[in-house]
Amino acid sequence: MPVARPEPQEPRVIAHVDMDCFYVQVEQRRNPELRGQPTAVVQYNDWKGGGLIAVSYEARGFGVKRSMRGDEAKRVCPGINLVQVPVARGKADLNLYRSAGSEVVAILASKGKCERASIDEVYLDLTDAAKEMLLQAPPDSPEGIFMEAAKSNILGLPSSDASEKEKNVRAWLCRPDADYEDKLLACGAIIVAQLRVRVLEETQFTCSAGIAHNKMLAKLVSGMHKPAQQTVVPSSSVQGFLASLPVKKMKQLGGKLGSSLQDDLGVETIGDLLSFAEEKLQEQYGVNTGTWLWKIARGISGEEVEDRLLPKSHGCGKTFPGPKALKNSASVKSWLDQLCEELSERIQSDLNQNKRIAQTLTLHARASKENERDSTKKFPSKSCPLRYGTGKIQEDAMKLFESGLHEFLESQNTGWSITSLSVTASKIFDIPSGTSSILRYIKGPSSAASPAIPDSSSVPDDPSLDNNVHVTPIHEEQCEPSISEKEDGKRYSSISAKQCPANEEKRIPKKLPEVKGTSSILKFLSRGQSALHEKRKSDVLICSPQGPGSSSEANKAEEHNVSGQAADRSNINSGGEPSGSNPWLFNVEDIDPAVVEELPLEIQREIQGWIRPSKEPSTKRRGSTISSYFPPARS
DNA sequence: TTGGGTTTAGGA
DNA sequence: GTCCTAAAC
């Protein structure tokens with residue numbers, strides 16, 4: 001349910017930028033012969049020609065719709081070019097479009113706060129830039145307005161023909177007698193026009209945009225004049241605009257809530273909402289949603305533009321419709337392996353390129369039982385701490401699946417079939433710059449010179465340091481946690497030394513001190529050059545993923561692993577290596593527990609306080625202090 | 001076979 | 001914290 005946010009007092013300048021039929025444009029850049037032609041991007045094509053996921057404006061002219069199949073599109077537009085989404089590991093591979101989206105974001109983020117809203121949309125908060133322009137170089141003459149800005153659409157600005165429209169727009173954009181708000185908006189429109197031109201020049205992609213005083217209005221109009229145009233919403237035109245806007249067009253009202261508004265309250269347009277008291281809306285939809293509805297009817301939306309250029313999670317999934325449904329563990333496993341392979345690759349590049357670590361692995365599935373059409377029961381999603389390494393992710397995902405399947409079947413002996421599978425990596429945190437690896441903490445700065453693929457023998461102890469933990473890199477399948485099934489069905493992971501050949505000589509930790517209830521741990525430790533209490537800080541990052549079975553309440557996980565990662569190494573696994581071989585990720589099972597016990601008490605206490613961050617860090621500052629990233633440990 | 005694959009958000 | 005649903009593109 002939507003929630004109203006407190007709105008800032010000062011007027012803001014917010015833009016929503018939306019790429020025009022983005023996937024098509026990406027394909028047209030790859031193959032310029034497709035430019036100007038009716039084109040659509042389809043994924044898969046064996047069944048009815050594949051599903052359309054993007055349609056060029058030329059094809060739309062023929063009546064081609066996104067809801068169509070390839071065959072249908074061919075029927076209404078025989079000349080259409082159907083381009084297939086790349087397939088990797090038996091599933092659609094969207095990486096091409098993701099990276100094209102990043103190119104655009106990189107440009108749009110240059111003028112102010114930028115929020116990646118989806119693969120092809122961003123919000124911008126241009127308030128500061130607009131104020132700056134108003135102060136330093138306000139638009140003053142109609143002729144001085146450059147073309148792209150002059151082609152803007154100003155909501156509520158009347159004009160009879162095209163040439164008069166442009167004249168009026170030019171005049172509006174530099175009206176000396178305008179309100180402060182309108183002047184800011186005019187500057188915003190100019191900035192957005194400049195940005196859109198840059199996007200086109202540097203990526204060959206066109207986009208459309210909305211410019212308004214809040215996200216809601218910017219979003220509502222960004223698609224109003226497409227393609228390759230922008231629309232401005234002056235405050236004076238808001239009420240008139242909303243008065244006739246069908247409720248379903250409003251973001252958040254496209255589904256059940258919007259239907260309920262129509263069916264239960266007889267509300268057809270946003271304007272119709274004005275006749276309902278806030279209290280009335282609250283009793284119908286709850287306090288939060290009620291207030292939200294009351295406000296949007298008045299064009300009020302306090303939602304802020306988040307400063308975030310990267311996605312908050314990574315997921316991959318695939319559906320297995322009808323006859324393709326998976327009916328045994330072996331086929332589930334092989335598909336899960338494929339999905340996990342892709343996921344692993346993606347979180348690995350996120351780590352390498354963006355210095356971010358994901359903490360949670362979640363498995364979703366849809367299932368039905370044999371003989372039971374419309375089995376109401378849902379397949380429960382399951383999650384666990386995310387451990388880096390393709391093999392580990394595959395292993396953990398399969399365990400999650402099995403656990404979900406048990407619950408789904410409720411010990412009935414019926415057959416089942418899986419119609420969709422997906423795995424998601426979430427709770428992603430920045431590794432702040434200036435951190436060094438667990439190696440550096442444990443072994444001192446010299447360890448930075450470790451070989452690309454070190455093993456325990458190549459990382460000799462340094463007797464000059466009082467800390468001498470043995471660390472070996474993760475090798476795929478090298479150290480396998482054994483999962484034991486208890487009577488209650490809960491799983492507990494444990495590790496035995498003999499399963500970990502590289503550590504035969506070492507004692508494997510039965511448990512790492514008091515890392516309880518957590519899935520993964522990110523924690524800085526401070527230490528001085530030689531003495532741990534020295535003021536000078538050289539930060540150490542440690543993250544500690546466990547596996548399935550260790551994340552929930554009654555959990556008595558007996559063992560935990562830690563992986564540390566050298567964030568400040570420039571050549572950190574550059575270029576997306578197979579995840580299992582990142583020499584800068586370590587598992588705690590590879591660390592000699594005796595050494596942990598030998599750590600200074602101060603550090604041992606720190607370790608005992610390790611706990612996953614309870615909330616999103618309060619700020620997104622990079623390189624800030626420990627406490628601002630990680631709230632104080634509880635227990 | 002419900003456009004498929006993702007991503008985000010809020011509430012229980 | 002986990003899991004679910006709604007919604008969007």
Side-chain angles (χ1 to χ4, degrees), chain A residues 1-3 5 16 18-19 21-23 40-55 65-73 85 87 91-95 97-98 101 115-121 219 222-223 248-260 286-289 292 303 306 308 310-325 339 342-343 346 359-364 366 378-385 400 404 407 419-428 516-519 551-555 611-616 634:
Chain A
M1 297 274 129
V3 170
R5 302 278 169 215
H16 179 255
D18 195 315
M19 305 308 292
C21 55
F22 188 48
Y23 291 13
V41 175
V42 295
Q43 54 188 3
Y44 312 125
N45 64 356
D46 54 330
W47 195 72
K48 298 188 176 178
L52 273 55
I53 57 173
V55 180
K65 298 273 179 47
R66 251 208 340 219
S67 58
M68 290 176 174
R69 304 288 179 174
D71 293 349
E72 214 178 338
V85 171
V87 171
K91 65 178 289 298
D93 176 6
L94 304 181
N95 284 329
Y97 313 112
R98 286 192 189 97
E115 173 182 336
R116 184 197 121 124
S118 79
I119 198 167
D120 70 339
E121 279 177 281
K219 164 92 181 164
S222 65
K248 289 270 183 178
K249 299 267 187 187
M250 176 75 65
K251 192 180 165 206
Q252 300 285 9
L253 298 184
K256 297 188 179 183
L257 182 54
S259 299
S260 164
V287 194
N288 287 342
T289 302
W292 179 81
E303 200 188 333
E306 247 184 273
R308 182 175 54 76
L310 298 169
K312 287 186 171 176
S313 65
H314 302 286
C316 10
K318 181 167 174 60
T319 53
F320 307 95
K324 295 212 170 79
L339 294 172
E342 181 187 323
L343 185 65
R346 283 167 57 193
Q359 295 193 96
T360 302
L361 175 71
T362 305
L363 175 127
H364 295 270
R366 293 189 52 179
K378 293 268 195 305
F379 193 101
S381 53
K382 294 286 166 192
S383 50
C384 73
L400 292 175
E407 199 173 316
T419 55
S420 91
L421 276 180
S422 74
V423 285
T424 303
S426 61
K427 297 187 189 148
I428 303 180
K516 58 160 151 291
T518 69
S519 52
S551 56
S552 67
E553 49 325 350
N555 171 5
I611 182 170
R612 81 156 66 196
S614 62
K615 269 190 172 167
E616 165 137 13
R634 47 135 226 233

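Each chain gets a letter, A, B and so on, in the order the sequences are listed, and its residues count up from 1. As the structure is a prediction and not an experimental result, all values here were calculated from the model.
- For A:T419 (side chain) and A:P321 (main-chain N/O), no donor-acceptor pair under 3.5 Å exists by modelled atom type.
- OP1 and OP2 of C:dA8 both lie 4.0 Å or more from every side-chain N or O belonging to A:K219.
- The nucleotide whose nearest atom lies closest to any side-chain atom of A:V3 is, among B:dG5, B:dG3, B:dG10, B:dG10.
- Separating the NZ atom of A:K427 from the P atom of B:dT7 is a distance of 17 Å, rounded to the nearest angstrom.
- You'll find that the side chain of A:R69 is closest to B:dG3, out of B:dG3, C:dC9, C:dA6.
- The OG1 atom of A:T289 lies 9.0 Å from the CD atom of A:Q252; values are rounded to the nearest 0.5 Å.
- Between A:R98 and B:dT6 there is a side-chain polar atom (N or O) within less than 4.0 angstrom of OP1 or OP2.
- OP1 and OP2 of B:dT6 both lie 4.0 Å or more from every side-chain N or O belonging to A:S422.
- With hydrogens and angles ignored, the 3.5 Å screen pairs a side-chain donor or acceptor of A:K248 with a backbone N or O of A:G255.
- Mapping A:T424 and A:T289 onto DNA chain B by nearest heavy atom places A:T424 closer to the 5' end of the strand.
- One atom, CG of A:L52, and another, P of B:dG5, lie 15 Å apart when rounded to the nearest Å.
- Nearest nucleotide to the A:L257 side chain, out of C:dT5, C:dA7, B:dG5: C:dA7.
- OP1 or OP2 of B:dT7 sits under 4.0 Å from a side-chain N or O of A:R346.
- Rounded to whole Å, atom P of C:dA7 lies 10 Å from atom CH2 of A:W292.
- Put simply, the side chain of A:Y44 never gets that close to the backbone of A:V87: no donor and acceptor are under 3.5 Å apart.
- Straight-line distance between the C1' atoms of C:dA6 and B:dT2: roughly 16 Å, to the nearest whole Å.
- When the nearest nucleotides of DNA chain B are assigned to A:S313 and A:Y23 by heavy-atom distance, the more 5′-ward of the two goes with A:Y23.
- Picking from C:dA7, B:dA9, C:dC9 the nucleotide with the shortest atom distance to the side chain of A:K312 gives B:dA9.
- The CG-C1' distance, from A:D46 to B:dG3, rounds to 14 Å in whole Å.
- Using a 4.0 Å heavy-atom criterion, one finds that A:M250 contacts the sugar-phosphate atoms exclusively.
- Atom NZ of A:K318 is separated from atom OG of A:S420 by 11.0 Å, given to the nearest 0.5 angstrom.
- Among the heavy atoms of the strands, none lies under 4.0 Å from A:P2.
- Nucleic acid contact class of A:Y44 (heavy atoms, under 4.0 Å, all strands): sugar-phosphate only.
- The CD-P distance, from A:Q252 to C:dA8, rounds to 6 Å in whole Å.
- The residue A:Q43 sits close to a base: some heavy atom pair falls under 4.0 Å.
- A:K251 comes within 4.0 angstrom of sugar-phosphate atoms only, judged by non-hydrogen atoms across all strands, and of no base.
- Nucleic acid contact class of A:L253 (heavy atoms, under 4.0 Å, all strands): sugar-phosphate only.
- Counting to the nearest Å, the P atom of B:dT7 and the CD atom of A:E306 are 15 Å from each other.
- At the heavy-atom level, A:D18 lies nowhere under 4.0 Å from the strands shown.
- Contact between the side-chain N/O atoms of A:S381 and the OP1/OP2 oxygens of C:dC3 is not found at any separation under 4.0 Å.
- When rounded to the nearest whole Å, the span between NE2 of A:H314 and C1' of B:dG5 equals 15 Å.
- Atom-to-atom, CG of A:L339 to P of B:dT6 comes out at 8 Å; the value is rounded to the nearest Å.
- At the phosphate of B:dT8, OP1 or OP2 sits under 4.0 Å from a side-chain N or O atom of A:R308.
- Taking the P atom of each, C:dC9 and B:dT1 are spaced 26 Å apart, rounded to whole Å.
- For A:N288, the listed nucleotide lying nearest its side chain is B:dG11; candidates were B:dT1, B:dG11, C:dC9.
- With B:dT6, C:dC3, C:dC9 as the choices, the nucleotide that has an atom nearest any side-chain atom of A:K382 turns out to be C:dC3.
- Here A:I53 lies in heavy-atom contact (under 4.0 Å) with a base.
- Under a 3.5 Å cut-off, the side chain of A:R366 and the backbone N or O of A:F320 do not form any donor-acceptor pair.
- Note that CD of A:E121 and CG of A:D18 are 4.5 Å apart. Values are rounded to the nearest 0.5 Å.
- Phosphate contact (OP1/OP2 of B:dG5, side-chain N/O of A:S420, threshold under 4.0 Å): absent.
- Atoms CH2 and CG, on A:W292 and A:L253 in that order, are 4.0 Å from each other to the nearest 0.5 Å.
- Not one side-chain nitrogen or oxygen of A:K48 sits closer than 4.0 Å to the OP1 or OP2 atom of B:dT1.
- At B:dG10, one or more side-chain N or O atoms of A:R5 fall inside 4.0 Å of OP1 or OP2 (strictly under the cut-off).
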